[in-house]
Amino acid sequence: MVKTNIVNDRGIPICKSMLAWLKWGNGATPQSTGKKGDHLIGDYYVEFDKHYRAEVRELQSRFEAEGMQQDAAKERAEKESPLMKEAHDMLVKWEQGDKEIRSLWRTMNDWVYAGFDETYRTMGVGFDKIYYESDTYLVGKQKVEEGLAKGLFYRRDDGSVWADLTANGLDEKLLLRADGTSVYMTQDIGTACLRYQDYPINRMVYVVGNEQDYHFQVLSILLDRLGLPWGKDIVHFSYGMVELPNGKMKSREGTVVDADDLMAKMIEDAKNVSADKVEKLTDITDDEANEIARRVGLGALKYFILKVDPKKNMLFDPEKSIDFNGNTGPFVQYTYARIKSILRKAGDVDLEAAKHATINDKEQALIQLLTTYPSVIEQAGKDFSPAQIANYVYDLVKEYNQFYHDYSVLNEPDSNIKAMRLLLSRCTANIIADALNLLGIEAPERM
RNA sequence: GCUCCUGUAGUUCAAUGGAUAGAAUAGAAGUUUCCUAAACUUUAGAUUCGGGUUCGAUUCCCGGCGGGAGUACCA
């Protein structure tokens, strides 16, 4: 498996941010503002939209005063907006390689990447290969030109290039604008080709939200039409959206829950929760306490998201804090920490003695659950569903907690049974750690 | 308008067409001289509505009602 990340680093949205920064930024930098680069650029994206909407409103009412219908007036206002025109002009210049624009673009992108890197690092996310749209869009453009030459696509009078998908029961799709610049689809065609060229892969999976179902349906058809044998086999793993209580997140309008803020808040919450619990751990240093809070906070967040079937939309209320009790990451982590505590005190496990132990109901149930782990992983892989792993590890941990509550390991007088329980505990801990690792969650040795 | 997704306790989530629909949380009641109570136990509470297929439907099909998304020379 090759983990790739595709960064959409060019196009209209990027130009909007650059334009807004030029107009209203007063030369602000991450250094001068103390803001993360991606946040700073995101702010100007929102800023652009604010001015744009105000401009459209004004134009619209002027057109309406001239006697136009409301909808028509709005449409015309959006089309004729000078701000949007400026953004498009900038895009044309960018594609032409205009020195100033490219230099500004490079500077601002570097800010963004630095911000992304920081977030990925905190999150514990990494990639084998990162594709930048600014590199791949030219390949896409070339493919579109080839398709045009072969008569697979067609050019309109205004110069724009389109694919007619009505034979597939879909609409017509724009591939190149009238001014010659590329769109999202152009770039994605190029990126797909490069990914197949760069790696000997038999399948390509796009992990992208279900709001883009249509886009990937079209992409697959276009790749197939271009004669790429794998075109119709690309997999769009379409995940559900995280919804807020009052609707969808919109980056343009700034109504988003920021990942950095959320992670920081979770770690902070974990620290507060730990404060009264950690009294039990008398010999703990500040560094250790911070590390526990980090693992528990991020564990709670990741588990919260991953335990839900990825295909379904889920609801997240930022006002309510994510739980640390019940079916949660910390619940799983806590069980792990308790087992590790026992194992630390016990020392080596006598495997030979364990073989001669008798087994009670709870132990049997636990063993049975442990043996199903491989098949759970296999199924989760087939279904692309981390949720299945999360649900399994939750069941396992619940089973272990009952066992832990009902029977003592260290105080068991029968040495055979004690050895068996230690072995059982060690196996459980290993599987918890393995499952959590698959979910990208770290378990603390103590908490 | 057209297309797609979706509807399970108050709330957030589970359930290859199969037995009494399973958890968590919020609510009520308990458990600590005992390996970490971020735990454990008990209790009450749900399949949107109407048809159909089937021996059997939360699951599959049709319709109504509710929620979300897409339908851009945005990504």
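Lettering of chains follows the sequences in order, A, B, ..., and the numbering in each one begins at 1. Quick note: numbers below take in every heavy atom, side chains included, and nothing from hydrogens, waters or symmetry partners.
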Interatomic distance, [X] [atom1] vs [N] [atom2] [rounded to whole Å]:
| X | N | atom1 | atom2 | value |
| --- | --- | --- | --- | --- |
| A/E133 | B/C74 | CD | P | 13 Å |
| A/L19 | B/C74 | CG | P | 15 Å |
| A/Y303 | B/A23 | OH | P | 14 Å |
| A/D171 | B/A72 | CG | C1' | 12 Å |
| A/L306 | B/C13 | CG | C1' | 14 Å |
| A/K398 | B/A14 | NZ | C1' | 10 Å |
| A/H405 | B/A37 | NE2 | P | 9 Å |
| A/Q402 | B/A37 | CD | P | 15 Å |

Once you apply a heavy-atom cut-off of 4.0 Å, does [X] come out as touching a base, just sugar-phosphate, or nothing?
| X | result |
| --- | --- |
| A/E243 | sugar-phosphate |
| A/D309 | sugar-phosphate |
| A/Y407 | base |
| A/Y214 | sugar-phosphate |
| A/K312 | sugar-phosphate |

Select from A/V308 and A/G326 the residue whose nearest nucleotide in RNA chain B is closer to the 5' end of that strand.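 Nearest-nucleotide comparison on RNA chain B picks A/V308.
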Would you kindly compare A/M241 and A/D323 by the position of their nearest RNA chain B nucleotide and give the one closer to the 5′ end?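 Of the two residues, A/D323 wins.
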Closest approach to the side chain of [X], judged atom by atom: which nucleotide of [options] is it?
| X | options | result |
| --- | --- | --- |
| A/N325 | B/A75, B/U25, B/C35 | B/U25 |
| A/L410 | B/A38, B/G70, B/C35 | B/C35 |
| A/F324 | B/C73, B/A38, B/C74 | B/A38 |
| A/V409 | B/C35, B/U36, B/A75 | B/C35 |
| A/F331 | B/C73, B/A39, B/C13 | B/A39 |
| A/Y394 | B/G70, B/A38, B/A23 | B/A23 |
| A/N401 | B/A39, B/C73, B/U36 | B/A39 |
| A/L174 | B/A37, B/C73, B/C35 | B/C73 |
| A/N391 | B/U11, B/A75, B/A14 | B/A14 |
| A/Y404 | B/A14, B/A37, B/C73 | B/A37 |

Any [X] side-chain nitrogen or oxygen under 4.0 Å from OP1 or OP2 of [N]:
| X | N | result |
| --- | --- | --- |
| A/S341 | B/U36 | yes |
| A/Y184 | B/A75 | no |
| A/R338 | B/A37 | yes |

Could you identify the nucleotide paired to [N], looking across every strand shown and requiring Watson-Crick or G-U wobble geometry with both distances under 3.5 Å?
| N | answer |
| --- | --- |
| B/A39 | B/U31 |
| B/A26 | none |
| B/G17 | none |
| B/C4 | B/G68 |
| B/A46 | none |
| B/U58 | none |

Does A/K340 reach the side chain of A/R446, with side-chain heavy atoms less than 4.5 Å apart?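 Side-chain contact under 4.5 Å: no.
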Just one of A/L351, A/I417, A/V349 clears the side-chain contact (heavy atoms from CB on, under 4.5 Å) bar with A/L422, so which one?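 Only one option passes, and that is A/V349.
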Taking the [atom1] atom of each, how far is [N] from [M], in whole Å?
| N | M | atom1 | answer |
| --- | --- | --- | --- |
| B/U8 | B/C60 | P | 15 Å |
| B/A21 | B/A9 | P | 15 Å |
| B/G22 | B/G68 | P | 31 Å |

Does A/M266 form a side-chain contact (heavy atoms from CB on, under 4.5 Å) with A/F324? I'd like the steps, not just the answer. CA-CA 10 Å; A/M266 289 304 297; A/F324 289 86; 4.1 Å; yes
With distance as the sole criterion, do the side chain of A/S274 and the base of B/A38 form a donor-acceptor contact below 3.5 Å?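 Checked by distance alone, the answer is yes.
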Drop me the distance from A/Y336's OH to A/I432's CD1, to the nearest 0.5 angstrom.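 Here the rounded value is 8.5 Å.
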Less than 3.5 Å apart, which donor and acceptor atoms pair up between the side chains of residues 205-212 of chain A and the rest of the protein, not counting sequence neighbours?
residue	atom	partner	partner atom	Å
A/N210	ND2	A/N313	OD1	3.4
A/E211	OE1	A/K248	NZ	2.6
A/Q212	OE1	A/Y184	OH	2.7

Any donor-acceptor N or O pair under 3.5 Å, side chains A/R177, A/T181: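 Yes, A/T181 and A/R177 have a side-chain donor paired with an acceptor closer than 3.5 Å.
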Does the structure place the NZ or CZ of A/K141 under 6.0 Å from the centre of the six-membered ring of A/Y137, at an angle of no more than 45° from the ring's axis?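 That pair does not qualify as a cation-pi contact.
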Can you confirm whether A/D361 is buried at CG, in the sense that more than 12 heavy atoms of other residues, nucleotides or ligands lie under 6.0 Å from that atom?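 Count not over threshold, so no.
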